[in-house]
Amino acid sequence: MTDLLAHLNPRQREAVLTTAGPVLVLAGPGSGKTRVLTHRVAYLIRELGVEPWRIMAVTFTNKAADVMRERTEALVGDEHRTSGLVLGTFHRLCARFLRIEAVHIGLNPRYVILDAEDQLEVVKQALNDLNLDEKRFPPRALHAAISRAKNELMTPADFPIATYRDEIVARVYERYQQRLQAGSALDFDDLLMQAVLMLRQHEDILAAYRRRFEYILVDEFQDTNTAQYELIRLLAGGYRNVFVVGDEDQSIYRWRGADFRNVLRFREDFPDAKVILLEQNYRSTQTILDAANAVIKANRYRTPKKLFTDRGRGPAIVVYRAYDEHDEAEFVLGEIERLTAAGEVRPGQCAIMYRTNAQSRTLEEAFVRRGMPYRLVGATRFYSRREIKDVLAYLRLIQNPDDEISLRRIINVPPRRIGATTLNRLSQWARELGLSTYRALRVLAGAEEPPAAARERRHPFTKASLAPLLDFYARWQEWIELRGAVSPGRLLDRVLESSGYRDWLRDGTEEGEERWQNVQELRNVAAAYEDMPTDMALPALLEEVALVSDVDDLKETAEAPVLLTLHAAKGMEFAVVFITGMEEGLLPHSNALEDPESLEEERRLAYVGITRAQDRLYLVYAFRRTAWGRSDLAQPSRFLIDIPPALTTDKPLPRRRVASQRPAVVIPGGIHFQPGQQVRHPQFGLGIVITSRRMGDDEEVSVAFERVGIKRLLVSLARLEHV
DNA sequence: TGTTTCGACGTTTTT
DNA sequence: CGTCGAAACA
């Protein structure tokens, strides 16, 4: 027991040893949160003899769950003793509970899980059903509203209606749910909401889960939403041995319904909770912590914390003003090369972070140009590639033939002469018979007795459209019958072959080969389910792939810098961190500028980024940035300005090709343009100078152009002429 | 029914 | 700039 607690500080030790009753741990970045969680689980199992299956631990990502399992096993020393541990993300655990209890709550246990793209598709179908115009009611916005409602545990009937738009949302929401139900499908938010509703409505189930989970642990508690909070509150209601760890300063998922005020709610719901503060940081230098503090202290709604470290001051933070995004990328890569050449860090210990995924492109191009390897988190995710989604749709149809979303996706992929008209007729006819599309097809094929309605209403298909339908049904049925007999991998092989998908995909082009490679990769994933009982394997595979995130498959082994969004960076640490795009409109993002609460979240995002760094931090912004094909001047981020100059060094503006090619027409120190003067620009044409001011060695003018309106320009770069 | 081309429009962040 | 949807065509 001593060795388990040996490398913990007194606060951490207290967090591990307080096993009875509710505990709230407020853990600053780098304060050993993961260590506390793993040691606590190990302590429960090893020292208190708690059965692992009576412990539930919830993490934010699958990767965090994997790390936790691995380290806990190492601490317990015997992997058999941790094997029953219930550990995973909220979504994954709920998916499992729902699958197990499905029969008791009237849910099809073969339900499929919809991803974001599928969800949008269903919203569009719902709009269509209701004869509403997509242009007037953007599906994205409607889906966001539905998602928000679900995270607040509101059913369509509960949805409050104050405006005409609410009325629309409520109706679309209702129709959307009907469609999901008809296809035995759940979306991400349903996983949480349905789990909560199950526990609320079935006392016996709730009682059983409460009896089972003697100990509950929750990581990243500040990012729980109402549904997740409620789930924990319900489950913890029995033993009340609930242990939550969070940091309100790192709450960055408000847009997803997360509310760090759940920390406050927890203290109200569990007034006897012991509160433990972890303020000692083991990750970063004092310089980095000071910068982080300087940024976060402007937030109003937070408990002040005093992070400290004994790691010493370390090097100053480098603030770099790049000319544009290309220069930004060159600078970052140059620094990585410099530091790695000096032997100071390994490339894999470097991370480049940004606010939006779109920013990764310029960086990637720079890596490719230099022939340097890199690891990218996110962007085009593997599981959202077209070919992968197609193949998964086939598998989902086999798992759950009622899944009409998947059916619509692949019934004519590869082309089988089943067009939109035929498909619509089919689902229309199925609806009239009160059957799912699959069962309507069965009736059509004579595999099932037609219901009374079908005798009055003959099927509406022409000979030409009937044949392909029957052919498709025959293959589909064959796969379904294979379902229980062979492993998912074998099933996949069979489907790829007899659906014609393989031959269709491999059309001889390079792109086709690449896509086929991706399918092969999915085949490899499926191969991991070889040993599982066949009836369990397919559902397990589909659940697995529906719930993985980008962060999860970041390969630890590859020795290359990581490119990732600030959101994806949460929970990670790197020796050297570059935060790029430190500009107004990007960080903070322009969409957040209006709303003070969003602005606070942007600040937390900056804080999360800064505190990922162990040794060196670079904050980079560009003078000019091209977005959407338009190049515009940028202002340094307000967060940059909050960092005391004493903590930073400024790198001088680089001698850039562009700048040197075009000798400066400005004499340093002078002002060459006065308000009111007429000027000409090679692109923008004629204009009048509005203002002019010094910018370092340069002169910045704003000019009202006749054609394009007001532009801000640097005199050294814009070839402005007096007229 | 399938393919091509053009125009409008848009992006924050993700389980 | 890129994707998506509708119209125009084969």
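Keep in mind that what you see is a predicted model, and the values were worked out from it rather than measured. The analysis underlying the following values was restricted to heavy atoms, covering all of them including side chains, and did not include hydrogens, waters or symmetry mates. Every chain is numbered from 1, with letters handed out A, B, ... down the list of sequences.
Residues in residues 411-427 of chain A take part in no salt bridge (charged side-chain N to carboxylate O under 4.0 Å, His left out) pair, two or more places apart or across chains.
Among the nucleotides B/dT11, B/dT13, B/dT15, the one closest to any side-chain atom of A/N591 is B/dT11. Here the nucleotide nearest the side chain of A/T89, chosen from B/dT1, B/dT15, C/dG2, is B/dT15. Between B/dT1, B/dT14, C/dC1, one nucleotide has an atom nearer to the side chain of A/Y253 than all others, and that is B/dT14.
Residues passing the ring pair (Phe, Tyr, Trp, His ring centres under 6.0 Å) test with A/W504 are A/Y501, sequence neighbours excluded. For the side chain to side chain donor-acceptor pair (under 3.5 Å) test, residues two or more places apart in sequence or in another chain that qualify with A/N225 are A/N151. In terms of the side chain to side chain donor-acceptor pair (under 3.5 Å) criterion, residue partners of A/R99 (sequence neighbours excluded) are, by chain and number, A/E543.
Residue-level contact check: A/T422 touches the backbone only, with heavy atoms under 4.0 Å from sugar-phosphate atoms and none from bases. Among the heavy atoms of the strands lying under 4.0 Å from A/R140 are primed sugar atoms or P, OP1, OP2 only; no base atom is included. Within the nucleic acid shown, A/S590 has no heavy atom closer than 4.0 Å to any nucleic acid atom.
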Enumerate the protein-to-nucleotides 5-10 of chain C contacts in which both atoms are nitrogen or oxygen and the separation is below 3.5 Å.
| residue | atom | partner | partner atom | Å |
| --- | --- | --- | --- | --- |
| C/dG5 | OP1 | A/K124 | NZ | 2.8 |

Distances for protein N or O near nucleotides 2-7 of chain B N or O, under 3.5 Å:
| residue | atom | partner | partner atom | Å |
| --- | --- | --- | --- | --- |
| B/dG2 | OP1 | A/N412 | ND2 | 3.3 |
| B/dG2 | OP2 | A/N412 | ND2 | 3.4 |

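At the phosphate of C/dC1, neither OP1 nor OP2 sits under 4.0 Å from any side-chain N or O atom of A/T626. Contact annotation: A/T61 side-chain N/O to B/dT15 OP1/OP2 distance is not under 4.0 Å. Put simply, A/S465 has no side-chain N or O that comes within less than 4.0 Å of OP1 or OP2 on B/dT1. Under 4.0 angstrom from either OP1 or OP2 of B/dT13 there lies no side-chain N or O belonging to A/R254.
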* Please step through side chain to side chain contact (heavy atoms under 4.5 Å, CB included) for the pair A/I252 and A/W255, ending with a clear verdict. => CA-CA 8 Å; A/I252 53 174; A/W255 49 275; 5.8 Å; no
* To do: Take A/F623 and A/L633, measure what side chain to side chain contact (heavy atoms under 4.5 Å, CB included) needs, and give me the verdict at the end.
  => CA-CA 6 Å; A/F623 163 73; A/L633 295 198; 3.7 Å; yes
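Spacing between atom CG of A/L120 and atom C1' of C/dT3 amounts to 13 Å, rounded to whole angstrom units. Between the CG atom of A/L587 and the P atom of B/dT11 there is a distance of 20 Å, given to the nearest Å. When the C1' atom of B/dT14 is taken as reference, atom CD1 of A/I113 falls 15 Å away, rounded to whole Å. One interatomic measurement links the two molecules: CZ of A/R603 to C1' of B/dT13, which rounds to 18 Å at whole-angstrom precision. Atoms CG (A/D223) and P (B/dT13) sit 17 Å apart, rounded to a whole Å. Remark: C1' of B/dT14 and NE2 of A/H143 are 12 Å apart, rounded to the nearest angstrom. Distance, A/R625 CZ to C/dC1 P: 17 Å, rounded to whole Å. The distance from atom CH2 of A/W255 to atom P of B/dT15 is 8 Å, rounded to the nearest whole Å.
Using modelled atom types, one finds no donor on one side chain facing an acceptor on the other under 3.5 Å when comparing A/R256 with A/S147.
Between the side chain of A/R175 and the main chain of A/A126, no donor-acceptor pair closer than 3.5 Å is present.
Pair assignment for B/dC6: C/dG5, on the basis of Watson-Crick or G-U wobble contacts that are both within less than 3.5 Å. When both distances must be under 3.5 Å, the Watson-Crick or G-U wobble mate of B/dT13 does not exist.
Ion pairing of A/D390 with A/R515 is absent here, as no side-chain N (NZ or NE/NH1/NH2) approaches a carboxylate O to less than 4.0 Å. Salt bridge status for A/D133 with A/K135: absent, with no side-chain N to carboxylate O gap under 4.0 Å.
Between A/Y374 and A/L363, every side-chain heavy-atom pair lies at or beyond the 4.5 Å cut-off.
Comparing the C1' positions of C/dC4 and B/dT13 gives an interatomic distance of 22 Å, to the nearest angstrom.
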